[in-house]
Every structure is written in structure tokens, then in C-alpha cells.
Amino acid sequence: MNEWTRIPAPMEREEDRRELAAILAAAGLEVRVVREAVRPRAYKRFVEYREQE
């Protein structure tokens, strides 16, 4: 199984996450957005991708 690769910079704006996800999907990759807790009720969101199975 392919491991997820995380883009190391958090993406704060929804528009930026969607645009990057669309670019990666157009390249044939599977994309997901993950939330990482920084403190209670505060999250950073990252984009991860991998090759489609």
C-alpha cells in the first residue's frame, strides 16, 4: 500500500486547499485534507497525497 505524503506547510485558507487538491487530483493522485490539533479546538490543516491504488 502507498504511504501518504504530507505537504509540510499548513494550508490555512480553504481556497488554497481546494486549488492544491484539484491540481494533485488532475495529476492522478489521491488527495486528502487532515487536521492536526495544535491545542484544544485549534487545528492546522495539511494536504496529503498518494498514488491511486
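Just the heavy atoms: all of them, side chains too, but no hydrogens, waters or symmetry mates, feed the values below. These figures come from a predicted structure and were not determined experimentally. Along the sequence shown, the residues carry numbers beginning at 1.
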Tell me every residue that passes side chain to side chain contact (heavy atoms under 4.5 Å, CB included) with R6, counting only those two or more places apart in sequence or in another chain. V34, E36, F46, E48
R50 backbone acceptor or donor facing N2 side chain under 3.5 Å: no
Rounding to 0.5 Å, atoms OH (Y49) and CG (L20) come to a distance of 9.5 Å
Separation between CZ of R13 and CZ of R18, rounded to the nearest 0.5 Å: 12.0 Å
Side chain of R17, backbone of E12: donor and acceptor closer than 3.5 Å? yes
Are L24 and I7 close enough that some pair of their side-chain heavy atoms sits under 4.5 Å apart? yes
Please determine whether the number of non-hydrogen atoms from other residues, nucleotides or ligands lying under 6.0 Å from atom CD of E30 exceeds 12. yes
